[in-house]
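First the structure, in the form of structure tokens, and then the observations on it.
Order of listing sets the numbers, starting from 1, for every ligand and every atom in it. All figures in this text were calculated on a predicted structure; none of them were measured in a lab.
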Amino acid sequence: MPTPTGLSDEIIDALRKARSVVVLTGAGVSAESGVPTFRGQEGLWRNYNPQELATPEAFNKDPTLVWEWYDWRRGLIAPLEPNPAHLAIAELEKRSPSFLLITQNIDGLHKKGGSKQMLELHGNIWNVRCVAEGNVTENHDVPLQNIPPMCSCGAMLRPHIVWFGESLDPHILHQSLQAIEACDFLIVAGTSAVVQPSASFPIMARERGATVLEVNMEPTPISSVVNSSLFGKAGELLPQLVASLG
Ligand code: BV8
């Protein structure tokens with residue numbers, strides 16, 4: 001398999017020698033599995049902007065509407081399979097002395113694709129949380145039996161997902177920051193790099209002297225920061241990158 005065009009031997013050598021590899025992914029890594037990206041045209045639903053629905057305010061105002069959106073997304077995601085980008089990241093994990101995947105995606109496809117050492121920064125669409133008790137359970141009902149789904153305690157369940165304006169799980173954020181501080185190679189794949197705090201991770205890694213490689217279909221706000229950008233489909237470029245390690 002050819003080395004990805006535009007990738008220098010220096011970058012490949014740095015990845016080969018890396019002691020600690022971190023991969024940060026966004027919706028673009030799941031695009032080739034058929035999951036609509038967050039900001040792509042197909043991401044819109046009933047003409048709502050996802051950023052307006054993925055908020056505690058929207059849920060408090062109309063939990064039924066927000067749950068209908070998530071029920072639609074769960075139905076869309078349930079039959080989908082990991083694509084070669086997910087599989088390449090799982091393969092890279094096996095080859096790296098120390099590895100962590102930090103994903104912004106909530107679709108669960110990285111786990112389905114074999115990733116083990118991973119953090120779901122924004123939660124997982126298959127987990128629900130009781131708004132009263134706070135306990136988290138898995139719910140794979142497609143479609144949901146009730147909208148909104150209720151806890152056995154009588155309170156409402158919400159998606160166990162981090163919405164805009166909500167803080168990330170402090171433990172997950174701390175583990176992510178520790179990995180970003182310690183890594184010597186960071187791959188940033190399939191993210192528009194606009195959502196904080198994950199959009200700052202590549203800058204933090206670069207400032208610390210890690211080699212940062214971006215994989216995206218198009219330039220992003222971090223393209224000027226990273227050591228190198230590979231423009232193309234993650235499902236094609238990531239397998240080529242892993243294969244080029246020999
Ligand atoms: C927080 C769950 C403390 C919901 C999501 C500092 C500065 C400015 C703003 C803020 C800041 N700190 C906090 C904020 C506010 C906010 C924020 O970042 N707003 C942005 C929009 C400006 N952040 C937060 O609220 C975060 N909380 O920081 O807490 C706090 C709180 C309040 C105020 C201050 C501090 C919580 C953010 C989490 C939001 N939840 N998801 C759900 O999914 O239902 S984020 C959502 O966006 C998704 O998880 C998604 O993964 C994520 C990022 O989007 P991308 O993954 O990048 O997807 P996108 O569609 O944008 O781009 C896809 C990319 O892939 C594109 O570049 C495309 O070119 C590329 N692509 C497409 N196909 C392919 C491909 N690449 C390769 N191959 C392909 N085939």
| said: Please work out, at 4.0 Å between heavy atoms, whether the side chain, the backbone, both, or neither of Thr37 comes within that distance of ligand 1. | reply: both
| In Å, rounded to the nearest 0.5 Å, how long is the span from CG of Asn139 to NE2 of His160? | 13.5 Å
| field | Element-labelled atoms of ligand 1 that are located less than 4.0 Å from some non-hydrogen atom of Gly190 | value | 63 (C), 64 (C), 65 (O), 76 (N)
Going by atom type alone, with no hydrogens or angles, which donor-acceptor pairs under 3.5 Å involve a side-chain atom of residues 170-183 and a protein atom two or more places apart or on another chain?
residue : atom : partner : partner atom : Å
Ser176  : OG   : Ile172  : O            : 2.8

| said: Given Gly123, Pro36, Pro50, Gly165, identify the one with the heavy atom nearest to atom 31 (C) of ligand 1. | reply: Gly165
| Sub-3.5 Å N/O-N/O distance, Thr191 and ligand 1 | yes
| field | Element-labelled atoms of ligand 1 that are located less than 4.0 Å from some non-hydrogen atom of Ala54 | value | 4 (C)
| query | Between Glu32 and ligand 1, which part of the residue brings a heavy atom under 4.0 Å of the ligand: side chain, backbone, both or neither? | reply | side chain
| field | Proximity to ligand 1 by part of Leu121, non-hydrogen separation under 4.0 Å | value | neither
| For ligand 1, which atoms, with element, lie under 4.0 Å from some heavy atom of Tyr70? | 4 (C), 42 (C), 44 (O)
| task | Specify side chain, backbone, both or neither for Arg73, according to which of its non-hydrogen atoms lie closer than 4.0 Å to ligand 1. | result | side chain
| Part of Val195 within contact of ligand 1 (heavy atoms, under 4.0 Å) | both
| request: Give the numbers and elements of all ligand 1 atoms closer than 4.0 Å to a heavy atom of Ile106. | output: 42 (C), 43 (O), 44 (O)
| task | May I ask you to identify the nearest protein heavy atom to atom 4 (C) of ligand 1, giving residue, atom name and distance to one decimal place in Å? | result | Ile161 CG2, 3.6 Å
| request: Check each atom of ligand 1 against the heavy atoms of Asn105 and keep those under 4.0 Å away; list them by number with element. | output: 51 (O)
| said: Judged on heavy-atom distance to atom 29 (O) of ligand 1, which of Glu236, Glu218, His122, Glu166 sits nearest? | reply: Glu166
| said: Looking only at distances, can you tell me whether any N or O atom of Phe38, backbone or side chain, sits closer than 3.5 Å to an N or O atom of ligand 1? | reply: yes
| task | Please say whether Trp163 places an N or O atom under 3.5 Å from an N or O atom belonging to ligand 1. | result | no
| Side chain, backbone, both or neither: which part of Ser192 comes within less than 4.0 Å of ligand 1 when only heavy atoms are counted? | both
| task | Could you check which of Leu237, Val162, Leu238, Val188 puts a non-hydrogen atom nearest to atom 2 (C) of ligand 1? | result | Val162
| What about Ala234: any of its N or O atoms under 3.5 Å from an N or O on ligand 1? | yes
